[in-house]
Amino acid sequence: AQKVTQAQTEISVVEKEDVTLDCVYETRDTTYYLFWYKQPPSGELVFLIRRNSFDEQNEISGRYSWNFQKSTSSFNFTITASQVVDSAVYFCALRGGSGNTGKLIFGQGTTLQVKP
Amino acid sequence: DTGVSQDPRHKITKRGQNVTFRCDPISEHNRLYWYRQTLGQGPEFLTYFQNEAQLEKSRLLSDRFSAERPKGSFSTLEIQRTEQGDSAMYLCASRTAGEHGYTFGSGTRLTVV
């Protein structure tokens, strides 16, 4: 079975602090894809990043960075110098490999509140 | 094409009534997904269409739920005899073959009173 766990339900930080959102996944597939989405109060899911299981290289995009470690089945997301606009619910998601219909398995989400 | 459109944005209905939601995916996307998201939870997969064929349905999709995608373009999700437990955000997403990026709509928030 596939599963995604985001153990942190809510995180509150003060602006300019760094914050890391944890994601642990379970899958028996050798090929799979991991995603992070942001959901602002408007409700729409905004794509942030996709990583496939063969690419363990960490990625940085502006203030965002992602740490993928297959050994611990984790795909953590760090926001550096957080801003109020980063306040949202963040979801980690997993998609199986070939033969899969492409459905995403989401974690429960982490609500991030950045206070000014 | 401005993305995935969902209609209506909000729906309040009385228990026992039928409701229908519509999703218009990005025109060149042949794959379409419906998800349900309850308060404080992540989206849960409901069903998947490839063109007009419904290829996968979740156990969450009871017999009161039906989805269609008649011409492989827009899709509808109907809930019959609504129950309070059906109150949720219903999200639609689409993508094209060979692409791994999904575009989500803003969702339809259903409240059953």
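Chain letters run A, B, ... following the sequence lines, proteins first and then strands; every chain starts at 1. Only this structure's heavy atoms are used, side chains among them; waters, hydrogens and symmetry mates stay out.
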_Please classify the contact of A/L104 with chain B as side chain, backbone, both or neither, using a heavy-atom distance under 4.5 Å._
both
*Check each atom of A/Q6 against the heavy atoms of chain B and say whether the ones under 4.5 Å are side chain, backbone, both or neither.*
neither
*Under 3.5 Å, is there a donor-acceptor pair between the side chain of B/T108 and the main chain of B/P8?*
yes
Surrounding [atom1] of [X] (heavy atoms of other residues, nucleotides or ligands, distance under 6.0 Å), is the total greater than 12?
X: A/K38; atom1: NZ; result: yes
X: A/E17; atom1: CD; result: yes
X: B/I12; atom1: CD1; result: no

By a 4.5 Å heavy-atom criterion (distance strictly below it), what part of [X] contacts chain A: side chain, backbone, both, or neither?
X: B/R9; value: side chain
X: B/Q37; value: side chain
X: B/Q41; value: both

*Is the A/Y37-B/F104 ring centre distance short of 6.0 angstrom?*
yes
*Which heavy atom in A/K103 sits nearest to a heavy atom in A/R95, and how many Å separate them?*
O-CG, 3.7 Å
*Do A/V4 and B/L46 share a hydrophobic cluster (ILVMFWY, side-chain heavy atoms under 4.5 Å, transitive)?*
no
_A/F77 with A/Y32, same ILVMFWY side-chain cluster at under 4.5 Å_ = yes
*Are side-chain heavy atoms of A/E15 and A/V84 found at a separation under 4.5 Å?*
yes
*Using a heavy-atom cutoff of under 4.5 Å, enumerate the residues of residues 60-72 of chain A that contact chain B, numbered in order, or state 'none'.*
none
*Given the options B/G40, B/P43, B/G105, which has more heavy-atom pairs under 4.5 Å with chain A than any of the others?*
B/P43
